[in-house]
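Input: one structure, supplied below.
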Amino acid sequence: FHVMEGDPALAVISDTYMRGLQGFNTDLAWEAMYHHAFSPGNENTIRRDNDFYLENHYIPITSPHDNSVSQAVEYYAADYAFAQFAKAIGKDKEYEILLKRSKGYKKYFDPEYGLLRPVTPEGDYYEPFDPKMGENFAPSHGFHEGTSWNYSFALPHDIPGLIDLLGGGKAFTEKLETCFQDSLYDMANEPDMGYPWYFNFVKGEEWRTQKYVKYCIDEWYSTKADGLPGNDDAGTMSTWLMCAMMGIYPVTPGDPVYALTTPVFKKVIIKLNPDFYPAGELIIECDKDPAKYPYLKGSKFFISHEELVQSGNLKFRLRK
């Protein structure tokens with residue numbers, strides 16, 4: 001708890017439930033999750049240790065090299081996922097509270113930079129601020145093992161909201177493109193691993209997801225001894241690779257929806273547990289060789305979990 005950020009158990013349990021794996025005691029799960037998300041904690045508990053967040057929906061910077069922003073960003077994604085679970089089981093009041101809390105990232109958004117910036121307990125932007133501080137795992141103001149660039153788009157639960165903050169799809173695309181063009185993107189750490197997929201949220205720019213997912217596969221992965229970025233981080237990076245090579249990526253914990261891109265393989269067969277998925281298998285296939293036709297042809301760039309597993313088949317049409 002005191003090493004890395006967030007409240008990931010909420011995201012894992014909520015996402016599991018929302019994808020149809022519901023063979024557990026929902027009431028008991030709710031009790032434990034509610035206790036975790038709503039009870040003020042302290043250094044001797046495993047609950048959240050920041051009363052300020054529960055009341056103000058952000059964590060203020062209190063020392064030059066704390067992890068306040070990155071901690072809060074993780075909480076927002078967890079709160080959003082938990083909100084979906086709450087809504088699904090009829091906890092409408094808690095759903096509204098959690099959803100509102102998940103939007104607290106807007107407190108950190110500095111329009112001058114178009115990025116997230118640490119905020120003091122008084123509500124002021126922290127000085128000094130360098131959005132590149134934290135490169136190569138150097139100490140940073142407000143960000144853990146990364147820069148403001150590595151965390152400012154790490155809001156998978158509200159990319160449309162971030163697009164609005166940045167002034168629309170064009171500005172969002174240009175800002176996100178800067179991460180890749182100016183070597184500000186870091187595949188070796190988790191916060192920005194979703195970045196290549198977020199172009200799918202802007203109509204007409206989806207081809208950039210196809211371009212940059214392929215770039216990440218080619219640039220960061222190999223069959224050499226060091227062929228998994230970030231030392232694989234307990235399977236995180238290899239899981240990202242598996243999803244990317246199949247052309248499907250679960251963008252948002254709690255939302256059973258996948259972003260789509262061009263697969264690496266022409267055909268993939270995934271065996272499914274028939275106890276949960278009657279189709280028994282999922283076949284992902286391309287109409288052409290993806291090595292020669294790297295872009296998607298068509299207008300569908302997301303698919304729901306329900307549609308994916310019930311149909312049992314996902315067909316990609318490709319183009320050059």
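What you see is a predicted model, and the numbers here were worked out from it, not measured in a lab. Side chains are part of it too, since the values below use all heavy atoms of this structure and drop only hydrogens, waters and symmetry mates.
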Q | Residue pairs passing the side-chain hydrogen bond (donor to acceptor under 3.5 Å, both in side chains) test where at least one lies in residues 263-279, sequence neighbours excluded | A |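 Residue pairs passing side-chain hydrogen bond (donor to acceptor under 3.5 Å, both in side chains), neighbours aside: Lys271-Glu281, Tyr277-His305.
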
Q) More than 12 foreign heavy atoms under 6.0 Å from CG of Asn136: is that the case here? A)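 Count not over threshold, so no.
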
Q. For Asp182, what residues pass the side-chain contact (heavy atoms from CB on, under 4.5 Å) criterion, not counting sequence neighbours?
A.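 Listed in chain order: Thr178, Leu184.
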
Q) Can you name the residues that form a side-chain hydrogen bond (donor to acceptor under 3.5 Å, both in side chains) with Glu31, not counting sequence neighbours? A)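 None.
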
Q) Of all residues at least two apart in sequence or in a different chain, which pass the ring pair (Phe, Tyr, Trp, His ring centres under 6.0 Å) check with Phe109? A)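 Applying ring pair (Phe, Tyr, Trp, His ring centres under 6.0 Å) to Phe109 gives none.
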
Q: Could you list the residues that satisfy side-chain contact (heavy atoms from CB on, under 4.5 Å) with Pro131, not counting sequence neighbours?
A: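 side-chain contact (heavy atoms from CB on, under 4.5 Å) list for Pro131, sorted by chain: Tyr113, Leu115, Phe129, Ser148, Trp149.
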
Can you list, pair by pair, the side-chain donor-acceptor contacts under 3.5 Å of residues 8-19, counting residues two or more places apart and other chains?
unit_1: Ser14; atom_1: OG; unit_2: Leu10; atom_2: O; d: 2.7
unit_1: Ser14; atom_1: OG; unit_2: Ala81; atom_2: O; d: 3.4
unit_1: Asp15; atom_1: OD1; unit_2: Arg19; atom_2: NE; d: 3.3
unit_1: Asp15; atom_1: OD1; unit_2: Arg19; atom_2: NH2; d: 3.3
unit_1: Asp15; atom_1: OD1; unit_2: Gly254; atom_2: N; d: 2.8
unit_1: Asp15; atom_1: OD2; unit_2: Arg19; atom_2: NE; d: 2.7
unit_1: Thr16; atom_1: OG1; unit_2: Val12; atom_2: O; d: 2.7
unit_1: Arg19; atom_1: NH1; unit_2: Tyr258; atom_2: OH; d: 3.2
unit_1: Arg19; atom_1: NH2; unit_2: Asp255; atom_2: O; d: 3.3

Q: Give the other cluster members for Met133, using side-chain heavy-atom distances under 4.5 Å between Ile, Leu, Val, Met, Phe, Trp and Tyr residues; answer none if it is isolated.
A: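 Besides Met133, the cluster holds no residue at all.
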
Q) With sequence neighbours excluded, what pairs up with Phe52 under the ring pair (Phe, Tyr, Trp, His ring centres under 6.0 Å) test? A)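 Testing Phe52 for ring pair (Phe, Tyr, Trp, His ring centres under 6.0 Å), a comparison that skips the adjacent residues, returns Tyr58.
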
Q: With sequence neighbours excluded, give me every side-chain hydrogen bond (donor to acceptor under 3.5 Å, both in side chains) pair touching residues 227-247.
A: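 Residue pairs passing side-chain hydrogen bond (donor to acceptor under 3.5 Å, both in side chains), neighbours aside: Asp232-Ser238.
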
Q | By ring pair (Phe, Tyr, Trp, His ring centres under 6.0 Å) - contacts of Tyr126 (at least two apart) | A |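 Ring pair (Phe, Tyr, Trp, His ring centres under 6.0 Å) check on Tyr126 returns His141.
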
Sequence neighbours left out, cut at 3.5 Å: what donor-acceptor pairs do the side chains of residues 284-295 make with other protein atoms?
unit_1: Glu285; atom_1: OE2; unit_2: Asn313; atom_2: ND2; d: 3.1
unit_1: Asp287; atom_1: OD1; unit_2: Leu318; atom_2: N; d: 3.0
unit_1: Asp289; atom_1: OD1; unit_2: Ala291; atom_2: N; d: 3.0

Q | Set of residues satisfying ring pair (Phe, Tyr, Trp, His ring centres under 6.0 Å) with respect to Phe143, sequence neighbours excluded | A |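 Result, ring pair (Phe, Tyr, Trp, His ring centres under 6.0 Å) vs Phe143: Tyr151.
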
(Q) Pair Phe153, Phe172 - check ring-ring contact (aromatic ring centres under 6.0 Å, His included), show working. (A) CA-CA 10 Å; Phe153 292 86; Phe172 173 86; 5.6 Å; yes

